[in-house]
Amino acid sequence: MEEKNKTYYITTPIYYPSGKWHLGHSYTTVCCDALARYKRMRGFDVFYLTGTDEHGQKIEKRAAEAGVTPKAFVDALVDNIKELWSLLDISYDKFIRTTDDYHVKAVQKIFKQLYDQGDIYKSRYKGKYCTPCESFWTESQLVDGKCPDCGREVSDAEEESYFFRLSKYQDRIKKLLTETDFLEPRSRVNEMVNNFIKDGLNDVAVSRTAFKWGIPVEFDPGHIVYVWIDALSNYITALGYGSDDTSLFDKYWPADLHMVGKEIVRFHTIIWPAILMALDLPLPKKVYGHGWLLLGGDKMSKSKGNVVDPFILEKRYGVDAIRYYILREIPFGSDGVYTNEAFIGRFNQDLCNDLGNLTRRTLAMNKQYFDGKLDASGEKGEFDDEFIAEINALDKKLDEDIDKLNLSRALEDIFAVIDKANKYIDNTRPWILSKSEETKGRLKAVLYNLTEAIRVCSTALMPFITRTPKLIFEGLGLKAPEVFDSVLKWGAVKKYETHETGILFPRLDEKKELIELDKIAAAAEKAEQKEVKKEDKKTDAAVKDGSAAKDNAADKAKEKTADAVNADADKQEEYVTADEFFRTKLVVGEVIACEKVEKADRLLKSTVKIGDEVRTIVSGIAKFYTPEEMVGKRVVVVKNLAPRKIRGIESRGMLLCAVSGEGENEQLCLVRPEKLMDGGSEVC
RNA sequence: CGCGGGAUAGAGCAGUUGGUAGCUCGUCGGGCUCAUAACCCGAAGGUCGUGUGGUUCAAGUCCCACUCCCGCAACCA
């Protein structure tokens, strides 16, 4: 707390705009936002950075599919995410786009410098190349020496590429990971060391020639700076590194915290520090690899995925509900699960019953017994010391929690005080004190203490939830504080004139809400399906409350090329002629033997008799059938499917299956003739 | 033996350097009436995955073996 004038630089990853923004993106960003707000209130000079990573082949391709330029494609998605951040009250100080001109220039400069000093060198990327797929594969990726994608022959090929000397920094990186707490949580360190460092670090390719959408290597046209240097360096270019004005960089670098999802820990803890070492810059103080926000646990509703659209949740329940859930429910460091039940449960229990109700009952009593006018002149009594001690302990607890980045614990600690306040009311029974003039003095102290508790809790909540504390402060007749400073303790405000507030959070009927959310999900899904078919260019009236039909970027991108795309779509929906269909030969076969394919979870190798012919077919059905139960079954086989090697076994044909769902919900069953038809019977 | 994570009350989770098993929700019983059918108190419910393993005066907590789940990787026309 003597850390005045200290800076705090915190970053989210820059997000890759490949599809729809969902609650997962919000997770990281909201966590960082809470930290940023917290540090600001602790008097730090905070710089909070977020942004988007907009280059690469995938975007080039998707834009082409949509018939727009890559820039137009990402522009739309960036608008969309900015809208989301504004909805969620994200207080970023800067939003960087890797397409920003200063970033492009700085990256080119960095690339050149690394090249000049020998950390980047030109070499050839050797591998197996599949011409039709336009893909490079390593030896180990090949399946039986052929392209794992299409099964065709591959040829030795080389591509010119620039490489970064990662190997040179291997020892320093290993030390950084194992001997410091650069990377947290600690459990991720093992993963990194075992998976990537143990066998030695290979130099990484940092340029590509296969696509154009990226930052050109200045001194070698045709080469594009690949993601490592392009994206990672955003953390310094955003501060002006490599530009004429480096004042921000000088002030804020090194970063105090890079918050990242566990899937990109590797890049941030191996490649990024190495780049910084090469540039001879200080390393960030910490990289925190958080878990994921998973969907699931829900048994009934299949379409809940769509409900976890933050736009929908915000519209229905408000920002604070989302922020609170995200920050409170995800266990520190590990994965958390989103369910509608838990969301509504948290909302009702914590926000409505505990916080909302406490505020309301207290302010109601203030009004009723003292017309809202309170001061510290009341009469002390039993329970006070303990209660006040609890309030005063919060300050330190919060600091410890946040120090460990344990946001959910911080909220727990705040709500522990709220809980204590509710108990305090029951213990002191103000409604009984109010019945006699003699106990008025005591009553005053009780209500004053409660009001102080509410003030301290609201203050403490400000970094986490952004709207409600302000409403509470209105009720308290105070202005919300800018900094914690000395206000996070009992007695900091001596006099009150409070007003009653409305209901802060209306209690939800859980059953009704769940049904409602399912309905919305279903509607959203319908809308999406339409979208996929690219048929609904007209304003979509299907979703009444509009939230699901929010104009996301995909819509916008499409609008620009509506006609062209529609023509395309019609083609896809065209019929096949009977002749075309009959080119596929479907026959009945009998499984006469079956076994599991080794080292493959999903694969069964079946020996199938079709008439007089016997052939081997490999299928991904091991999750649903055991080899034993397969034997003797009559199945439908695609007879003239091109043979293909799967895990070294030549599979000739395919077993027809009915499938639905994905992941946990996946269902699969064989399609089988209803009667015992002879093997070889045609299916038509 | 591909890499990693996990297994603690009905559910979701805490358990810090080993020292009488906790929290939230749910269930049941009671209390209160200031308040949003809220709030408060109490109870039931766990041999902390298995070995009846090892270290120790003492293990959910350390060591060993095993089982099962979940990610990633691989694989799925």
Side-chain angles (χ1 to χ4, degrees), chain A residues 140-141 143 148 150-151 185 187-196 198-199 262-263 266 291-292 294 296-297 328-337 339 341-342 345-346 348-369 404 406 408-409 412 415-416 418-434 443 446-447 450 500-510 584 597-604 617-624 638 641-644 646-649 651 653-657 659 663-664 666 668:
Chain A
S140 59
Q141 283 174 310
V143 176
C150 67
S187 59
R188 311 232 183 263
V189 171
N190 301 328
E191 214 169 321
M192 287 304 117
V193 173
N194 287 335
N195 271 330
F196 304 112
K198 208 170 53 185
D199 302 328
K262 63 182 180 184
E263 75 283 8
R266 179 182 158 201
W292 288 338
L294 307 170
R328 172 63 209 261
E329 189 73 12
I330 315 305
F332 176 59
S334 50
D335 293 346
V337 178
T339 63
E341 283 89 341
R346 279 289 169 210
N348 276 341
Q349 195 55 47
D350 298 356
L351 297 178
C352 306
N353 295 352
D354 292 342
L355 174 60
N357 187 43
L358 170 70
T359 306
R360 189 166 160 83
R361 65 199 297 214
T362 302
L363 294 183
M365 287 190 281
N366 285 355
K367 178 77 181 164
Q368 199 175 326
Y369 303 141
K404 296 183 205 142
N406 196 338
S408 54
R409 179 69 65 85
E412 260 177 61
F415 273 79
I418 291 169
D419 191 54
K420 200 80 188 172
N422 273 320
K423 288 190 210 309
Y424 181 76
I425 295 183
D426 255 66
N427 287 334
T428 53
R429 299 162 182 252
W431 53 92
I432 289 175
L433 297 175
S434 77
L443 176 61
V446 165
L447 290 181
L450 282 168
E500 288 187 84
T501 60
I503 285 181
L504 296 172
F505 300 96
R507 200 180 152 77
L508 303 172
D509 181 330
E510 182 175 335
T584 307
V597 176
E598 269 181 54
K599 282 167 113 190
D601 290 355
R602 305 181 64 106
L603 301 184
L604 290 185
I617 297 176
V618 178
S619 3
I621 55 174
K623 288 239 160 88
F624 303 92
V638 180
L641 189 76
R644 189 186 155 166
I646 297 165
R647 289 238 61 125
I649 302 163
S651 177
M654 173 167 120
L655 306 186
L656 280 197
C657 293
V659 287
E664 270 187 46
E666 185 175 2
L668 180 149

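Protein chains get the first letters and strands the later ones, always in sequence-line order, with residue 1 at the start of each.
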Between [N] and [M], how far apart are the two [atom1] atoms, rounded to whole Å?
N: B:C70; M: B:G31; atom1: P; answer: 47 Å
N: B:C64; M: B:U56; atom1: C1'; answer: 16 Å
N: B:A14; M: B:U61; atom1: C1'; answer: 13 Å
N: B:C23; M: B:G60; atom1: C1'; answer: 16 Å
N: B:C28; M: B:G10; atom1: C1'; answer: 13 Å
N: B:U17; M: B:G6; atom1: P; answer: 15 Å
N: B:C1; M: B:U8; atom1: P; answer: 31 Å
N: B:G19; M: B:C13; atom1: C1'; answer: 24 Å

Problem set entry | Pair A:Asn422, A:Arg361: side-chain N/O donor-acceptor within cut-off below 3.5 Å | yes
Exercise. Does A:Gln368 put a side-chain nitrogen or oxygen below 4.0 Å from OP1 or OP2 of B:U33?
Worked result: no
Watson-Crick or G-U wobble partner for [N], using a 3.5 Å limit on both distances?
N: B:U67; value: B:A7
N: B:U61; value: none
N: B:U27; value: B:A43
N: B:G2; value: B:C72

Seminar exercise, completed: Applying side chain to side chain contact (heavy atoms under 4.5 Å, CB included) to A:Arg360 and not counting sequence neighbours gives A:Ile503
Name the closest nucleotide to the [X] side chain, picking from [options].
X: A:Asp419; options: B:C34, B:C40, B:U36; value: B:C40
X: A:Arg409; options: B:C25, B:U33, B:G15; value: B:G15
X: A:Asn422; options: B:C40, B:C34, B:U36; value: B:C40
X: A:Arg507; options: B:C34, B:C40, B:U36; value: B:U36
X: A:Arg361; options: B:U36, B:U33, B:C39; value: B:C39
X: A:Ala364; options: B:C34, B:U36, B:C40; value: B:C34
X: A:Met654; options: B:U36, B:A14, B:A77; value: B:A77
X: A:Arg360; options: B:U24, B:U36, B:G31; value: B:U36

For this session: Walk me through it: do A:Leu604 and A:Val618 pass the test side chain to side chain contact (heavy atoms under 4.5 Å, CB included)?
Result: CA-CA 6 Å; A:Leu604 290 185; A:Val618 178; over 6 Å; no
Exercise. With a 4.0 Å cut-off on heavy atoms, is A:Phe505 in touch with a base, just the backbone sugar-phosphate, or nothing at all?
Worked result: base
For this session: Could you check whether A:Leu504 gets within reach of a base, just the sugar-phosphate, or nothing at all, counting any heavy atom under 4.0 Å?
Result: base
Exercise. Pick the nucleotide of RNA chain B nearest each of A:Pro506 and A:Asn427; which residue has the one closer to the 5' end?
Worked result: A:Pro506
Problem set entry | Pairwise 5' ranking along RNA chain B for A:Lys423 and A:Gly356, keeping only the more 5' one | A:Gly356
Problem set entry | Chi angles and distances behind the side chain to side chain contact (heavy atoms under 4.5 Å, CB included) call for A:Leu443, A:Trp431 | CA-CA 9 Å; A:Leu443 176 61; A:Trp431 53 92; over 6 Å; no
Rounding to a whole Å, what distance do you find between [X]:[atom1] and [N]:[atom2]?
X: A:Asn357; N: B:C32; atom1: CG; atom2: P; answer: 18 Å
X: A:Leu351; N: B:C25; atom1: CG; atom2: P; answer: 13 Å
X: A:Leu363; N: B:C39; atom1: CG; atom2: P; answer: 17 Å
X: A:Ile432; N: B:C34; atom1: CD1; atom2: P; answer: 10 Å
X: A:Asn348; N: B:U36; atom1: CG; atom2: P; answer: 15 Å
X: A:Glu412; N: B:C25; atom1: CD; atom2: P; answer: 12 Å
X: A:Tyr424; N: B:C41; atom1: OH; atom2: P; answer: 16 Å
X: A:Arg429; N: B:U33; atom1: CZ; atom2: C1'; answer: 11 Å

For this session: Give a yes or no answer on whether the side chain of A:Asn348 reaches the backbone of A:Leu508 with a donor-acceptor pair at less than 3.5 Å.
Result: yes
Problem set entry | side chain to side chain contact (heavy atoms under 4.5 Å, CB included) assessment of A:Leu358 paired with A:Tyr424 | CA-CA 11 Å; A:Leu358 170 70; A:Tyr424 181 76; over 6 Å; no
For this session: Evaluate the side chain to side chain contact (heavy atoms under 4.5 Å, CB included) criterion for residues A:Arg328 and A:Asp350: first the C-alpha distance (whole Å), next the side-chain angles of each, then the deciding distance (0.1 Å), finally the verdict.
Result: CA-CA 10 Å; A:Arg328 172 63 209 261; A:Asp350 298 356; 3.5 Å; yes
